Structures are given as C-alpha cells and as structure tokens.
Amino acid sequence: MERTLAADLPGKVGQRVKLEGWVHAVRKFGQVNFLILRDRSGTAQTVLDPAALEKISGLQAETVVAVEGTVEPEERATNGVEVRDASLQVISPVTDVLPFEINKRVLKPSLDVFLNNAPVGLRFPAKAATFRLFSGLLHGFREYLSGNDFVEIHTPKLMGSASEGGANVFAMDYFGKPAFLAQSPQLYKQIMVGVFERVFEIGPAFRAEEHYTVRHLNEYTSLDVEMGFISGMDDVMDLLVALIQHMVTSTAERYPREAEMVGMTVPRFATVPRLTLRDAQRLILDRYGEDHTAEPDLSPQDERWLGEWASQEHDSDFVFVTHYPTAKRAWYSKPDPADPEYSLSFDLIFKGQELVSGAQRINEYEEYLRVMEARNMNPASFSGFLEAFKYGMPPEGGFAIGSERLLMRLVGADNIRETTLFPRDVNRLEP
RNA sequence: GGUCCCGUGGUGUAGUCUGGUUCAACAUGCCACCCUGUCAAGGUGGAGAUCGCCGGUUCAAAUCCGGUCGGGACCGCCA
C-alpha cells in the first residue's frame, strides 16, 4: 500500500491507509492504547490493538514503524482524525533509552547536552521546525535574487592567500603548500560582478577567531550579494531591506505551522532608519548618556541601544549605521569622496545585533594599488582579483548576511548555537 | 586573549553561604502493575548518583580551601 503522510489524514476519512514514521509517544490505557506516530509532515494518532501493542513491547520511542488502519473522524483526537483497527510492523527497532525526552512540550537539556546529542535532539518538533524555517529563508533568498537577475555562484573555500588579511584564518596543508580556508567569498564575488553584474552565494565562511560569545561561530553560512552599476550605497541598502523582507515574509507564508511552533514573528520594516556612525554615537550620548563619540566602532551595548531606539522611535526592528572610519573597515571599502576619513560602508542592526555588513567597493584599479601600498599588502598576492578591475569594473557594492544570526533573532534564540544545526566553536568540533 | 559564574541518578533542578540523622531530595524518563479517550495522560510500586576529577583542612566534606578538566555569560572581534 502507498504511504500516507500524517498531515494528509483528514482528507482520507473512511479510507484504509499506511503510515510510516517514528514512534513519538505511546499512551497505554489497558483497553485503548494510542501510538503517536511522527513523520516529516507532523504527528498522527493511531489506536493499537493488543497484538500491535505487543510488537513494540520492549522497544523505545523513536522506533521506526509502519501502521496500517482505517481513518476515522474523532473529535477527541488532535487533528480531528485517528487511525483505527491498526496493524503494526516494526521497520527499525530502538532498544536504547533516549538521552533525553523529545516528545514533551518543552526541551529540557542544557545547550551543551543537547548539542552533544544533536542527531536525536534535532528531531524535537520545534527544533526541526526551526531548521525548516532556515531552509525557507534560504529559499526566499534565492527566489528574490534570482527574480531580480542575480546569478548564483559558488566560489572556492580553499585559498592560496588570506583575502581579508588579518590573522584569523585557518591555515592548512595543501599538497605540501600553505593554504587557508576562505573567510568569505568577498574577492570572488567582486570579480564576478565583472561577468554577471549581479551575483549571490550561499556558502560557508571560516573564521579562526577565538571568540566566546552567543553570536559567533568559527564556521557559519554567509549569504553574500554583490551588484554592479549602482548609483550609490543606498541602492545596495534598498536591495538588502527588500531582500530580507521577502525572505522573512515568504518563509512565514511557506511554513506557517513551523513559524507558529517556534514563535517566529515577521519583524517590523516600516521605515528602516539610516544614520551615520557619528550621528548614532551622538544619539547614544543624548539618549543614554554614554559618550562613545570618539570610538571607531559600535560596542554590543551600543547596538542594543540603537535597536531600542529604532524600535521605539521608528517602529522598526532594523537600523542602518553607515560611514564607518575608512581605517577600520576592510581595505576594499570605498572611502567617501566627500570625506575620505569615512567609508561608504554600512552595518544593518537587527533587534540590537549586527546582522549584515556591506559597502560600496573601490572599483578603480589604480586606487586598489594605492590602498594596497598604504596597507603594506602585496599586489602580487591579489593578481587575480586585480585583473578584474584592470579590465573595467563599474561602481559596485554588496553585503553579507549572517544567516544563523537572522534565524536567531527571528525565533528569539539566546544563543546562535541554537539556530545552527551542528555548530563549530572554539571547543566544539563534534558532532 | 581578559573578567566573572556553574559542575548533584539518563535529563532538569533543590541542598553548598551557616560542614554532622529533612543530606542525598524533587520532577521527568526507564522497569512492573492498574486504568476505554489520552494528547506534558493519571495512579501505585521499583531500579538508578561513591554529588566532574585529584589533593588538602577537619573527629566529620556534595558543603570549606587549592589544583585540574568540562560547561556557561560578558568584553575584545565580527556575520
């Protein structure tokens, strides 16, 4: 018999069906016994007779079973239907007790215990829902950009030189030669603007920084976008807002059940305020009484304050901060012609946390040579990158979204490890 | 890299300050039995922890001290 999914039972009342899935829970009452079966679509209640019950005797939750029975309307069942007169077949028995319960309303174990047992812990319905939403966000990302003439690319993660400079790169041996794991697709996506004008990439980024925070990973999934023929940085920021809006709203529409399950709400976009770093710092001084006006960057506390301000004064969960000091930003960021001390760069803060970093880039070959000399970089190490600019590059810019951070804020998680399937941090490399 | 906090049955916690017959407890899970409507099922009973590890103080240590290992939070840094 063909398999029926749990979610499709209401449309099959009166029919004989076969369900296949995991034993989510068993509730025994002596004369009437329920088995809650879980598959990819959800859960279904089945009523087992003594013979069927006997087959799972001694077996634990998560045993994989097939259940055949008749779909009957039943007000007392959660979905309004249940499967009766069920016969049962064990497909894959489980004899070991689970490390912790995954069929309760809430998940009990600490984050560390959960992550140590992620292969089974991720089956907890709200956990699975979280990562289904992640899939929805990526789908929305692709959908929006593809619909706007962007081309998806995949660039190498094995690098012969460190693109961003700095010491936070993972070094490795590549057939006897030194190599590095890519910190970002930055240089390649800029090169590809010369080919497609508009490109995007979903891929891993590796950072060897020993950060001990709730919002950093040593490997994360970066959502990179780069576009040419821009008239200014605002074009890039406009795209970014529209993109995130589509990602979130389409995900909420695609997976309403999951969104409800984890309490994901669509953030407020009304008007995303844009202010320069210096104006932001003056605002913090005025509103919160802390003088950070000489700092080259925002502190996490500053970001929280700005998030609060945007929420209260602009009804927005987002706020752009622009024009960071040129010396503080990556070398390919374009200095503001009106004031070269500051760059045409921006960060997008989402609910008080940095989510996106972007900029208009330098697009003139000669200027790259000047910048590299000023920063003591060797142009020979970037000959491939420079070639793209030597042979004609329009004004261009782009950004990178931290995908796990987006999900983290959307579902209200306290730690980015909760919205990463198998997180990699300073002391976690397994599972 | 800096600062601070926490390690108690499978899981989550109480007990630690004020050391000793409320000191090994509670909830959940597991096992057995009861129950014809549960959906965090309920009831009765049972098994399960030398209180992370090593050392010290003391008549006596889960409890105080030191070290070590593991975990967490904040800062730096960033997405």
Side-chain angles (χ1 to χ4, degrees), chain A residues 24-38 43-50 57-61 74-80 82 84 95-117 120-121 124-125 164 166-168 183-186 203-225 295-304 324 328-330 347-350 353-358 399-409 414-417 419-420 425-428:
Chain A
H24 189 63
V26 177
R27 283 187 265 277
K28 294 194 245 184
F29 292 84
Q31 293 308 302
V32 60
N33 299 292
F34 302 113
L35 182 151
I36 310 302
L37 178 143
R38 190 188 73 245
T43 57
Q45 174 161 298
T46 65
V47 183
L48 300 183
D49 61 27
S57 161
L59 299 179
Q60 298 292 328
E74 173 52 70
E75 280 185 358
R76 291 169 293 187
T78 302
N79 300 335
E82 68 183 13
R84 293 196 201 139
T95 52
D96 288 13
V97 176
L98 297 182
F100 45 79
E101 298 90 317
I102 61 171
N103 56 7
K104 296 295 181 180
R105 185 184 292 168
V106 293
L107 203 52
K108 261 199 315 192
S110 65
L111 183 57
D112 189 49
V113 170
F114 174 82
L115 292 176
N116 286 337
N117 298 280
V120 64
F124 181 69
E164 309 269 340
N168 59 341
Q183 298 159 288
S184 90
Q186 182 64 35
F206 303 93
R207 301 284 166 93
E209 187 73 33
E210 290 190 42
H211 23 50
Y212 298 88
T213 76
V214 295
R215 64 187 184 283
H216 286 94
L217 297 167
N218 293 291
E219 175 178 354
Y220 67 95
T221 301
S222 184
L223 308 182
D224 273 88
V225 173
E295 298 294 325
D297 200 354
L298 297 174
S299 70
Q301 178 59 257
D302 292 338
E303 292 176 5
R304 289 191 284 270
Y324 287 83
K328 184 73 180 154
R329 291 299 268 211
D347 281 359
L348 181 64
I349 294 167
F350 176 32
Q353 182 177 97
E354 183 176 333
L355 173 67
V356 183
S357 196
F399 52 81
I401 305 171
S403 60
E404 296 90 348
R405 281 190 184 180
L406 176 59
L407 184 62
M408 174 187 176
R409 276 299 188 252
D414 294 324
N415 192 311
I416 197 168
R417 293 162 184 80
T419 53
T420 308
D425 63 30
V426 179
N427 30 38
R428 179 175 292 280

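This structure is a prediction, so every number in the text was calculated from the model and none was measured. Only heavy atoms go into these numbers, but all of them, side chains included; no hydrogens, no water, no symmetry mates. Residue numbering restarts at 1 for every chain, and letters A, B, ... go by the order of the sequence lines.
Across all strands shown, C74(B) forms a Watson-Crick or G-U wobble pair, both distances under 3.5 Å, with G2(B). G66(B) is paired with C54(B) under the Watson-Crick or G-U wobble criterion, all donor-acceptor distances under 3.5 Å. U44(B): Watson-Crick or G-U partner is A32(B), with both key distances under 3.5 Å. Remark: A79(B) base-pairs with no nucleotide; criterion is Watson-Crick or G-U wobble with both hydrogen-bond distances under 3.5 Å.
At a cut-off of 3.5 angstrom, the base of C39(B) holds no donor-acceptor pair with the side chain of Arg105(A). You'll find a donor-acceptor pair under 3.5 Å spanning the side chain of His216(A) and the base of C78(B), going by distance alone. No donor-acceptor contact under 3.5 Å links the side chain of Glu101(A) to the base of C30(B).
If you check every strand for non-hydrogen atoms under 4.0 Å, Glu75(A) touches nothing. Contact annotation for Ile36(A): no contact, since no heavy-atom pair falls under 4.0 Å across all strands. Residue contacts for Lys108(A): at a heavy-atom cut-off of 4.0 Å it reaches a base atom on one of the strands shown. Residue Asn33(A) is classed as having no contact, given no heavy-atom separation below 4.0 Å to the nucleic acid. Note on Ala77(A): a base of the nucleic acid sits closer than 4.0 angstrom, heavy atoms only. Residue Glu82(A) is classed as a base contact, given a heavy-atom separation below 4.0 Å to a base.
When only modelled atom types and interatomic distance are considered, Arg207(A) and Tyr220(A) share a side-chain donor-acceptor pair under 3.5 Å. Using modelled atom types and a 3.5 Å distance limit, the side chains of Ser222(A) and Asp224(A) yield a donor-acceptor pair.
Using atom P as the reference point in both U28(B) and C69(B), the two lie 38 Å apart (nearest Å). Comparing the C1' positions of C5(B) and A60(B) gives an interatomic distance of 29 Å, to the nearest angstrom. Taking atom P in both G66(B) and G7(B), one finds a spacing of 15 Å when rounded to whole Å.
Minimum atom distance to the side chain of Gln45(A) is reached by C39(B), of the listed C39(B), G76(B), A73(B). Between A41(B), G12(B), G71(B), one nucleotide has an atom nearer to the side chain of Ser110(A) than all others, and that is G12(B). The nucleotide whose nearest atom lies closest to any side-chain atom of Phe100(A) is, among U11(B), A41(B), A79(B), U11(B).
Ionic pairing of Asp347(A) and Arg329(A) is present here: one or more N-O contacts between side-chain nitrogen and carboxylate oxygen are shorter than 4.0 angstrom.
By the 30° and 60° cut-offs, the orientation of the rings of His216(A) relative to His211(A) is parallel.
Taking atom CG of Asn427(A) as the reference point, atom P of G1(B) lies 11 Å away to the nearest angstrom. Leu98(A) places its CG atom 11 Å from the C1' atom of C30(B), with the value rounded to the nearest Å.
Aromatic stacking is not marked for Phe34(A) over C39(B), as the cut-offs of 5.5 Å for the centres and 30° for the planes do not both hold. Ring-to-base geometry places Tyr220(A) in a stacked arrangement with A79(B) (centre distance under 5.5 Å, plane angle under 30°).
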